[in-house]
Amino acid sequence: MANSHDEMAKEKLEEAKGYVIETIAETMDVYGVTPAAGKLYATMYFKEQMNLDEMREELGMSKPSMSTSVRKLQENEMVKKKFQKGSRKHTYAAEKDFFHSFMSYYCQLWDREAKMNMEAIKQAEFTLDQIFEDENVTSELMEEAREIYDQLEQSKIYYRWLERLVASIRSEEIYEFLPKKP
């Protein structure tokens, strides 16, 4: 009797994991990964670690597709390469701390956004300064340049805030204002 109960329990375990795996795979587009990479991450989430052959066998994907997915997950710090003594095969483990995955991914995006836009603003302001220095520019164009300059100054407030947000996330200071557990 215990054996049939164990078999039913195993089926229910797989069913429960299946719900989570499918939903994680479906929502991973938020992190800029394909549903296949999402399914890989979700599958790995329930494993200690896996090598590419095990991943391919488990998910039925080609080795190149598997490698591409693993590389994208590594870039997002959702999967880490593990070294196994005595084995030539690389093994990988899923990052199980969702806070780390979320923070890492979005900090990368927000850093990129702030840096690129602040650099563009700097270049734009340099160009606008050339207009301000030209005494022969009409007052209409001078006024338009001033409006654009003021808009850029206002947008800097957001980008500086975004930089502070990223810094507070990386230092984990944000958890003082928004604790992980309420």
task = Evaluate salt bridge (Lys or Arg N to Asp or Glu O under 4.0 Å) for E143 paired with R146, printing each intermediate quantity in order.
result = CA-CA 5 Å; E143 180 59 31; R146 175 60 52 205; over 6 Å; no
query = Mind checking whether Y41 and Y31 have ring centres under 6.0 Å apart?
reply = no
message = Are S69 and M61 packed together at the side-chain level, in the sense that at least one heavy-atom pair is separated by less than 4.5 angstrom?
response = yes
query = If two hydrophobic side chains count as joined below 4.5 Å and joins carry through other members, does V166 share a cluster with I157?
reply = no
Point-to-point distance, once rounded to the nearest 0.5 Å, from CE of M44 to CD of E58 = 11.0 Å
ask   = Of M50, E57, M55, R56, which meets side-chain contact (heavy atoms from CB on, under 4.5 Å) against D53?
value = R56
query = Is any side-chain heavy atom of M66 less than 4.5 Å from a side-chain heavy atom of L59?
reply = yes
remark   = Taken to the nearest 0.5 Å, the spacing of L141 CG from E144 CD works out to 6.0 Å
ask   = Going through the distances and angles, do E77 and H100 end up as a side-chain contact (heavy atoms from CB on, under 4.5 Å)?
value = CA-CA 8 Å; E77 295 185 32; H100 176 80; 3.1 Å; yes
key: Side-chain H-bond candidate by donor/acceptor type, E173 with S168, under 3.5 Å   = no
ask   = Is NZ or CZ of K81 both nearer than 6.0 Å to the six-membered ring centre of Y92 and within 45° of the ring axis?
value = no
request  = Would you please test V137 and Q130 for side-chain contact (heavy atoms from CB on, under 4.5 Å) and show each step?
outcome  = CA-CA 10 Å; V137 172; Q130 293 172 344; over 6 Å; no
message = I need the Q151 CD to K156 NZ distance, nearest 0.5 Å.
response = 13.5 Å
key: Backbone of E75 reached by a side-chain donor or acceptor of Q108 within 3.5 Å   = yes
inquiry  = Do K115 and Y159 have side chains that approach each other closer than 4.5 Å (heavy atoms only, starting at C-beta)?
reply    = no
query = Would the number of heavy atoms belonging to other residues, nucleotides or ligands and lying under 6.0 Å from CE of M142 be above 12?
reply = yes
request  = May I ask you to decide if G32's main-chain N or O and D29's side chain share a donor-acceptor pair within less than 3.5 Å?
outcome  = no
Atom pair OG (S67) and CG (L52), whose distance is rounded to the nearest 0.5 Å = 4.5 Å
message = Is there a side-chain contact between I174 and L165 in this structure, where contact means two heavy atoms from C-beta onward sitting under 4.5 Å apart?
response = yes
query = What do you reckon, is NZ of K12 surrounded by more than 12 foreign heavy atoms closer than 6.0 Å?
reply = no
inquiry  = Does any part of the side chain of R71, heavy atoms only, come nearer than 4.5 Å to the side chain of V79, both counted from C-beta?
reply    = no
ask   = Just wondering, do M118 and R160 contact through their side chains at under 4.5 Å, heavy atoms?
value = yes
key: Same apolar cluster (I L V M F W Y, side chains within < 4.5 Å links), L178/F98   = no
task = Give the cluster check for F102 versus V30: same hydrophobic cluster or not, with ILVMFWY residues linked at side-chain heavy-atom distances below 4.5 Å.
result = yes
message = Same cluster or not: Y158 versus M116, using hydrophobic residues (I, L, V, M, F, W, Y) connected whenever any side-chain heavy atoms lie under 4.5 Å apart?
response = no
task = Tell me, yes or no, whether the heavy-atom count around K122 atom NZ, taken from other residues, nucleotides or ligands under 6.0 Å, exceeds 12.
result = no
message = Counting neighbours of NZ on K82 that are heavy atoms of other residues, nucleotides or ligands and sit closer than 6.0 Å, is the number greater than 12?
response = no
inquiry  = With clusters defined by side-chain heavy atoms of hydrophobic residues (ILVMFWY) lying less than 4.5 Å apart, directly or transitively, does Y175 cluster with F177?
reply    = no
inquiry  = Could you measure the distance from the CD1 atom of I121 to the OH atom of Y149? Nearest 0.5 Å is fine.
reply    = 10.5 Å
query = Ignoring hydrogens and geometry, is there a side-chain-to-backbone donor-acceptor pair from K96 to Y45 under 3.5 Å?
reply = yes
message = Please find the pair of heavy atoms, one from A42 and one from F46, that lie closest to each other, and give the distance.
response = O-CD1, 3.5 Å
ask   = Is M28 close to P35 at the side-chain level, that is, under 4.5 Å between some pair of heavy atoms?
value = no
ask   = Between K39 and I21, is any pair of side-chain heavy atoms under 4.5 Å apart?
value = yes
ask   = Is the number of heavy atoms from other residues, nucleotides or ligands under 6.0 Å of E119 CD greater than 12?
value = yes
key: CD1 on I24 to CE on M78, rounded to 0.5 Å   = 8.5 Å
Any side-chain donor near an acceptor of the partner, E15 and Y19, under 3.5 Å = yes
